[in-house]
There are 2 protein chains.
Amino acid sequence: MAKQVQGTQSFARSIGLLQHICDRRNPPTLAKLLDECAFTRPTLYRLLNGLESEGLIVQLKDKSYKPGPRLINLARSALAKSDIRDRARDALVRVREQTGETVHLAVPSGEGLVYIDKIESLETVRMNSTIGTFVPLHSSGVGKAYLSALPEEKLTVFLENAPLEPITPFTTTDPIKLRAQINQCRRQGFVFDGQENEAGIACFGAPILDENAQPIAAVSVSVPLFRLKDETSRYSTALLDCVRELSDGEFQR
Amino acid sequence: MAKQVQGTQSFARSIGLLQHICDRRNPPTLAKLLDECAFTRPTLYRLLNGLESEGLIVQLKDKSYKPGPRLINLARSALAKSDIRDRARDALVRVREQTGETVHLAVPSGEGLVYIDKIESLETVRMNSTIGTFVPLHSSGVGKAYLSALPEEKLTVFLENAPLEPITPFTTTDPIKLRAQINQCRRQGFVFDGQENEAGIACFGAPILDENAQPIAAVSVSVPLFRLKDETSRYSTALLDCVRELSDGEFQR
DNA sequence: AACAATTTGTCCATATTGTGGAATTGATAA
DNA sequence: TTATCAATTCCACAATATGGACAAATTGTT
């Protein structure tokens, strides 16, 4: 992980435990966590209490724990303070109008990206369906787009070290092939993702750059395979217009 | 705050700092936080680093800190695992259809409630506008509804200790008056909130009870004053139908 | 460009906090 | 009621966080 300045180990453990509880499909009990987490009983007990008394987890009647509502409150602040989200909104809506398909905005978080906005076809009602979803760098449209805008050095480090786990049967797990896709993205400005992150879904992704040409976010258009048009320029043009507008400085390409 | 089992003080401090950063209007720098937070420089520095290396905050180019995208990822888990949210959804939509007004669902968090779902008029486009918002118990429709379903003993403790800060000029800050409103809510099953939490907005709130008649959530209908109908039964009936359906066990009233 | 001022980042001895084995309490089932 | 299993508490000890003082970096000024 990141630097770690000494003096934050116990905090990191608590957050790790929180993440574990969030990642589990079902709320775990202390006993289950004891198996899964390499903590001793009293330590785990105290960590859970710390998380609970902060409202980050809540204990159910069966003594199991699930993520608490305070997380939703904190996340609201994070969304509200995301300037790229505000800035991008109109442009994203335009992409949706031009393509008719779902548009995502993602920013880097940890080893991957997190969707912070989604514009989808008007029929869909359920909110938040994917905002907050974590996506790997190597398997998603936004991820590969982000990678393609990274300085050569960082990209090399990534390609040499990342596990490139298969997310679907179509995920690119070969660093050489991934590199080729990224190079292509660098030439044409956008990347194609054919069911690599989700079966049945193709994706077009492009990065948003800051004034130093560093990637700060990425946009994608997701298309169900059966609806995918032959002329992909329909998608890529809208996408490129969007990221050009949102990127600072001259866009040399 | 809650119990605190010893062994979690440093964690609580980190989360307190995170909350402070989330609550600030603008991203603070280390220097500003040093003024505001009663931490020494090295401590603050380490706490910030701990938060940052976990992705809970991110450092901007001007060295200031704002909430990070990982919070959004964690909150997604929390929303996804909220069974009351799933269970309530259809009923909430029905209330919106019957009243034409915005409907909120809130669950307890810390000293108040947090909105975990919102159904609003179809015209409104912007998502997430209020999901995640914290509301005090004494000034909101959902808050007073929740209070009204609390066991007498807990309610007394609350009324004796809570500061009852004015949120708007209309907020009820007198415990006696608040008690009267709550008693009325106990009789009729819902509570009225006239601009007490937000100027220009009236609210009808009602609690959702579990099988032991304990409140687990609350629903409200928010109506802009200028649109408020004279016959309030229009709102209360829809609301009462909704919470009856969502509450377990017999609803003695 | 050099200097000053302000802010961020680091070190290390020390005090505080968290740790975990073991005992206790509480809950559930027989 | 008793047995059984899990949750909770205790306390001496070890590991971690603390903060005064210092160093480095960044920014603004002449």
Side-chain angles (χ1 to χ4, degrees), chain A residues 1-21 24 26-68 210-212 214 248, chain B residues 1-21 24-68 210-212 214:
Chain A
M1 201 144 283
K3 29 193 169 177
Q4 286 299 64
V5 171
Q6 181 195 58
T8 48
Q9 291 126 95
S10 77
F11 179 74
R13 256 183 304 184
S14 288
I15 297 300
L17 177 59
L18 175 61
Q19 184 75 58
H20 181 83
I21 293 171
R24 288 215 25 154
N26 300 312
T29 61
L30 191 151
K32 286 210 190 94
L33 291 169
L34 209 45
D35 288 349
E36 297 163 8
C37 291
F39 293 119
T40 63
R41 178 181 294 284
T43 296
L44 183 58
Y45 176 74
R46 266 176 289 106
L47 293 182
L48 288 170
N49 262 275
L51 289 169
E52 190 188 10
S53 65
E54 288 298 330
L56 300 174
I57 59 175
V58 294
Q59 191 166 33
L60 307 180
K61 295 211 181 66
D62 66 353
K63 298 281 180 174
S64 65
Y65 295 92
K66 71 171 186 181
D210 69 6
E211 67 277 13
N212 303 315
Q214 299 299 307
D248 290 323
Chain B
M1 200 145 285
K3 31 193 171 179
Q4 287 296 65
V5 172
Q6 181 196 59
T8 48
Q9 291 127 96
S10 78
F11 180 73
R13 256 182 305 184
S14 288
I15 297 299
L17 177 60
L18 175 61
Q19 183 75 58
H20 180 84
I21 293 170
R24 288 214 25 152
R25 181 171 292 270
N26 300 312
T29 63
L30 192 151
K32 285 210 189 94
L33 291 170
L34 210 45
D35 289 347
E36 297 163 5
C37 292
F39 293 120
T40 63
R41 176 182 299 286
T43 298
L44 183 57
Y45 178 74
R46 264 176 291 104
L47 294 183
L48 288 171
N49 262 276
L51 289 169
E52 190 187 11
S53 66
E54 288 298 329
L56 300 175
I57 60 176
V58 295
Q59 191 166 33
L60 307 180
K61 294 210 180 68
D62 66 354
K63 298 282 179 176
S64 65
Y65 295 93
K66 71 171 187 181
D210 70 5
E211 67 277 13
N212 304 314
Q214 299 299 307

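Here is the naming used below: chain letters follow the sequence lines, and residue numbers restart at 1 for every chain.
If you take CZ of B:Phe11 and P of C:dT19, they are 12 Å apart, rounded to a whole angstrom. One interatomic measurement links the two molecules: NZ of B:Lys61 to P of D:dT26, which rounds to 15 Å at whole-angstrom precision. One atom, CG of A:Leu30, and another, C1' of D:dA7, lie 7 Å apart when rounded to the nearest Å. Between the C1' atom of D:dT9 and the CG atom of A:Leu48 lies a distance of 16 Å, rounded to the nearest Å. Rounding to whole angstrom units, CG of residue B:Leu34 and P of D:dT18 are separated by 14 Å. Atom CD of A:Gln59 is separated from atom P of D:dT8 by 6 Å (rounded to the nearest Å). Rounded to whole Å, atom C1' of C:dT6 lies 15 Å from atom CG of B:Asp62.
Rounded to the nearest 0.5 angstrom, B:Leu60 CG and B:Lys66 NZ are separated by 5.5 Å. The line from CD1 of B:Ile21 to OH of B:Tyr65 is 8.0 Å long, rounded to the nearest 0.5 Å.
Using a 4.0 Å cut-off, some side-chain N or O of A:Lys63 falls inside it from OP1 or OP2 of D:dT8. Listed pair B:Gln9 / C:dG18 meets the phosphate criterion, a side-chain N or O lying under 4.0 Å from OP1 or OP2. Using a 4.0 Å cut-off, no side-chain N or O of B:Ser10 falls inside it from OP1 or OP2 of D:dA17. Listed pair B:Tyr45 / C:dT10 meets the phosphate criterion, a side-chain N or O lying under 4.0 Å from OP1 or OP2.
Identified under the side chain to side chain donor-acceptor pair (under 3.5 Å) test for residues 31-40 of chain A, with sequence neighbours left out: A:His20-A:Glu36, A:Arg24-A:Glu36, A:Thr40-A:Thr43.
Distance from the side chain of A:Thr29 is smallest to D:dA7 among C:dG18, C:dG9, D:dA7. Of the candidate nucleotides D:dG20, C:dG9, C:dG18, D:dG20 has the atom lying nearest to any side-chain atom of B:Thr40. For A:Arg41, the side-chain atoms get nearest to D:dA7 when compared with the rest of D:dG19, D:dA7, C:dG20. Side chain of B:Pro42, nearest nucleotide from D:dA7, C:dT19, D:dA21: D:dA21.
For the helix from C:dA1-D:dT30 to C:dA30-D:dT1, the axis fitted to the five pairs at one end and the axis fitted to the five pairs at the other end meet at an angle of 50° (nearest 10 degrees).
One donor-acceptor pair, N or O on each side, does fall under 3.5 Å between the base of D:dG19 and the side chain of B:Arg46.
Scanning both residues, A:Cys37 and A:Leu17, for their nearest heavy atoms gives SG-CD1, 4.0 Å.
Shown here are the side chain to side chain donor-acceptor pair (under 3.5 Å) partners of A:Asp62, two or more places apart in sequence or in another chain: A:Ser64.
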### Task
Please test A:Leu33 against A:Phe39 for side chain to side chain contact (heavy atoms under 4.5 Å, CB included), starting from the C-alpha separation and ending with a verdict.
CA-CA 8 Å; A:Leu33 291 169; A:Phe39 293 119; over 6 Å; no
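With respect to B:Phe11, the side chain to side chain contact (heavy atoms under 4.5 Å, CB included) criterion is satisfied by exactly one of A:Asn49, A:Ile15, A:Leu47: A:Ile15.
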